[in-house]
Amino acid sequence: MPQQPHRVTLSPFPWRQNCAAAARLHRMASMRLTDWSSSSTTTSRLLPFSRTSNPARSYAVCPARRLLPMLPPNIASPVRLLTARRDFSASSVKAMMSVEACAKVIDGKAVAKKIREEIGAEIARMKSETGVVPGLAVILVGDRKDSATYVRNKKKACETVGIKSFEVCLPEDSAEQEVLKHISEFNDDPSVHGILVQLPLPSHMNEQHILNAVSIEKDVDGFHPLNIGRLAMRGREPLFVPCTPKGCIELLHRYNVEIKGKRAVVVGRSNIVGMPAALLLQREDATISIVHSRTRNPEEIIKQADIIIAAVGQPNMVRGTWIRPGAVIIDVGINPVEDAKSPKGYRLVGDVCYEEASKVASAITPVPGGVGPMTIAMLLSNTLTSAKRIHNLP
Ligand SMILES: NC(=O)C1=CN([C@@H]2O[C@H](COP(=O)(O)OP(=O)(O)OC[C@H]3O[C@@H](n4cnc5c(N)ncnc54)[C@H](OP(=O)(O)O)[C@@H]3O)[C@@H](O)[C@H]2O)C=CC1
Ligand SMILES: Nc1nc(=O)c2c([nH]1)NC[C@@H]1CN(c3ccc(C(=O)N[C@@H](CCC(=O)O)C(=O)O)cc3)C=[N+]21
């Protein structure tokens, strides 16, 4: 997908939603906040630093210290990572750390909405000009509540952009053969351009057999070994890139985070997130380390990263002290934790301790509202790409 850095509308006051210090100030000085939202002149007047030379610009300092986010709020300003390493003296880093810095929020929900609108417009045009309607088939086996929710969300998203969705729901104790039969039918169905088998599958099924059976031309999840193999090889192109890692990179692009030459750490090495995320970052010319459950010194390695992608499934595992000041954090984790105050009795948190990390990082994705909606947007994008390729459309 082409990079469209300035077309994203950011949440006007991301730090207000997410930074405890900002909330405190909000209570103290709501008049001031009103001014900021309504006048760009006021905003620039209050800008604390020159835009060109001061390395402190790499932080959006919390208004608790009467400093403002650096650029007008509705512009996707570049996230400056790394100036800390090159430009900061030890003492200035220390000084920066003593104020409560507040990271820019990478608003995946808003970006995903924008992408859905772009996809919807393209599908409408394609339909009217060629009559082709992209189709996505989802196979769900078993009755996991979270899987059912994701499948429902995918279906809703398909409807909003004009993708026809096909769904097969099978009981937990179905035979592997039954799943293979449906895959084969969808492989042969010309109105289906994408096939997704919701993971995890019941433990009696062989995931490899099932993923191998999806036609590589319809593998919109990008999990077929041929697609992953091509992703790993220089000079080769996969037909599809896995949706979650693709969504992570898309967020970095849309927020103008430079990847080339940076040090990136991926925490987690699963086939569906960590491993392809590392391959993608490498294709973008980052230098990669992968941290997994047997890594001896995760904290030390993570602390070196300019960019962190966390996909471990461990609530709040990455602490603020593990993060290099100014790093950019993409938190893939979706972990339910008990919360008596929430109507559902639980809430979702990421793999990174948001409250701590947002004081150290230069930008961070929230959970929910970060990578999750991007995963679905990328699935729609892959389905559209597939329909265009199959029908030979530009
Ligand atoms: N936002 C989204 O769209 C998506 C979110 N998710 C979420 O992302 C998270 C990860 O998902 P997924 O990749 O499928 O999970 P997996 O369980 O398949 O993989 C987890 C990875 O994390 C590693 N790991 C586990 N514990 C630790 C630890 N203490 N320290 C270091 N590494 C550890 C594992 O290491 P090892 O390989 O050694 O076992 C493994 O590589 C989950 O919370 C999931 O819900 C997943 C998909 C999409
Ligand atoms: N074949 C396959 N492909 C997948 O892409 C796949 C999968 N299996 N199995 C499970 C994981 C998980 N996953 C998510 C997708 C969207 C959200 C999402 O939209 N999350 C919302 C919150 C949703 C909520 O509130 O429950 C958010 O983060 O804002 C989360 C997780 C895709 N996965």
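Here the structure is a predicted model, which is why all the values come from computation and not from measurement. Ligands are counted one by one from 1 in listed order, and the atoms in each one are counted from 1 as well.
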Is it possible for you to say whether I376 and I249 belong to one hydrophobic cluster, with membership spreading through side-chain heavy-atom contacts below 4.5 Å?
no

Would you tell me which option among D221, N153, L140 has the nearest heavy-atom contact to atom 4 (C) of ligand 2?
D221

Any N/O pair R294/ligand 1 closer than 3.5 Å
no

Please report whether atom 17 (O) of ligand 1 has a protein non-hydrogen atom at a separation of less than 4.0 Å.
no

Check whether any N or O atom of L348, backbone or side chain, sits under 3.5 Å from an N or O atom of ligand 2, and answer yes or no.
no

F223 to ligand 2: N or O pair under 3.5 Å?
no

May I ask whether G369 has any heavy atom positioned less than 4.0 angstrom from an atom of ligand 2?
yes

In the complex you have, is atom 11 (O) of ligand 1 within reach of the protein, judged by whether a heavy-atom distance drops under 4.0 Å?
no

Polar atom proximity, V332 to ligand 1 (N or O, under 3.5 Å):
yes

Is it the case that ligand 2 has an N or O less than 3.5 angstrom from some N or O of Q198?
yes

Is D351 close to ligand 1, meaning an N/O of one under 3.5 Å from an N/O of the other?
no

Taking a cutoff of less than 4.0 Å between a non-hydrogen atom of the residue and any ligand atom, is T244 in contact with ligand 1?
yes

Does A311 come within less than 4.0 Å of ligand 1, judged by its heavy atoms?
yes

Is there a nitrogen or oxygen of I376 sitting under 3.5 Å from a nitrogen or oxygen of ligand 2?
no

Any N or O of T375 closer than 3.5 Å to N or O of ligand 1:
yes

